[in-house]
There are 2 protein chains.
Amino acid sequence: MDDIRGSLRCPIARTLDVLGDRWTLLIVRDAIAGSTRFTEFRESLGMPRDVLADRLDTLVAGGVLERRTVSREGQRARDEYFVTDVGRELMVVLGALGDWGARNRPWDEPPLVTFTDAAGTPVAPRFVSGSREVPLDEVLVAAG
Amino acid sequence: MDDIRGSLRCPIARTLDVLGDRWTLLIVRDAIAGSTRFTEFRESLGMPRDVLADRLDTLVAGGVLERRTVSREGQRARDEYFVTDVGRELMVVLGALGDWGARNRPWDEPPLVTFTDAAGTPVAPRFVSGSREVPLDEVLVAAG
DNA sequence: ACGCTAGGTCTGTTTTACAAACTCAGCTAG
DNA sequence: CTAGCTGAGTTTGTAAAACAGACCTAGCGT
């Protein structure tokens, strides 16, 4: 993911510099769902090893994941990848993508991750102002 | 944007089949901000013409944009692209991306689009349950 | 010392992105 | 009527990425 692009000043474009490819958000999804090891990501996603290695580097450099060397008993030390607080904030992005997909690209198999509140009720991102939800048709779009 | 990929069953993955590349969400951003013509997108984004033509086709096929032939007075008829209701729901995704970028990738220039409520107060997507906001640290992630 | 495994890197091939040139249809000016 | 301009692409050639598969390496168990 490089950098120079039209309308780069926009925060959306700057976010897509880090996340805007086929795989990166799926890696973040898996990491938020609990995957930490190279092989876990690889097996879940079925993506090429070199591309995965590259994306993990990008996500670590971007502060979304943190690489830590972990020693578990009975196993040799190995690097694992953990979601940072910054990365965890992408739950909102993933929730929005998943909600859009579930509503507009229906599919009969269950999702890989679901987001719920403490009571187990599914939650999805919506625009809020203060702490009140603002329906989509009341959201105004202003060009900068 | 092709189709076969690991964990394809997940709605997030299915959404990224349509939107998961460098440009597509920026095209949607511009469309939501009011752009309709090929050249408007091209000038705003500075992307190659053939890629833009391909992405517009994909977005039309995916129901995000609608292609209409528009005749304006004093100009010849030409195709223009309009956001559908399905596309408008992507405002939540764009809002989440923009909010994440603004908070974690600060930049001194203004955004290209901003979302506000009727009073002009900025709004950003947050998880809600019923109509109450659920703080991020109370959102539970369950693997499917 | 030997092989196994996790986590990569390297090589060669296919896709995709990209920039620049070309096309084509519908005005618009001469 | 013809000539040129403009918007919206398409074509062509080249550079960068993605991809599949083979290869490599460190540490561990036996």
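Below, chains carry the letters A, B, ... as their sequence lines are ordered, and counting in each starts from 1. Predicted, not measured: the structure shown is a model, and the values here were computed from it.
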- Is A:Arg14 close enough and on-axis enough to B:Trp107, meaning under 6.0 Å and within 45°, for cation-pi? yes

Show each protein N/O and nucleotides 14-16 of chain D N/O combination with a separation under 3.5 Å, one pair to a line.
none

- Results of side-chain hydrogen bond (donor to acceptor under 3.5 Å, both in side chains) for A:Arg78 - residues two or more places apart only: none

- Sequence neighbours excluded, the answer for side-chain contact (heavy atoms from CB on, under 4.5 Å) partners of B:Arg103 is A:Glu89, B:Asp99, B:Arg126

- Message: Looking at B:Arg78, I'd like to know whether one of its side-chain N or O atoms comes within less than 4.0 Å of OP1 or OP2 on C:dA25.
- Response: no

I'd like a table of atom pairs between the protein and nucleotides 8-12 of chain C - only N or O on both sides, under 3.5 Å - with the distance next to each one.
{"unit_1": "C:dG8", "atom_1": "OP2", "unit_2": "A:Tyr81", "atom_2": "OH", "d": "2.9"}
{"unit_1": "C:dG8", "atom_1": "N7", "unit_2": "A:Arg49", "atom_2": "NH1", "d": "2.7"}

- Closest to side chain of B:Pro48, choosing from C:dT16, D:dC19, C:dC18: C:dC18

- ring-ring contact (aromatic ring centres under 6.0 Å, His included) pairs, two or more places apart, involving residues 39-62 of chain A: none

- Query: Partners of B:Thr84 by side-chain contact (heavy atoms from CB on, under 4.5 Å), sequence neighbours excluded?
  - Reply: B:Glu66, B:Val86

- According to a strict under-4.0 Å criterion, is B:Thr39 in side-chain N/O contact with OP1 or OP2 of D:dG7? no

- Query: By salt bridge (charged side-chain N to carboxylate O under 4.0 Å, His left out), which residues pair with B:Glu138, not counting sequence neighbours?
  - Reply: none

- Residue set satisfying side-chain contact (heavy atoms from CB on, under 4.5 Å) with A:Asp79, at least two apart, ordered chain then number -> A:Arg67, A:Thr69

- Query: Across the strands shown, which category fits B:Arg37 at heavy-atom distances under 4.0 angstrom: base, sugar-phosphate, nothing?
  - Reply: sugar-phosphate

- In chain order, what residues pass the side-chain contact (heavy atoms from CB on, under 4.5 Å) check against A:Pro48, with sequence neighbours excluded? A:Asp50, A:Val51

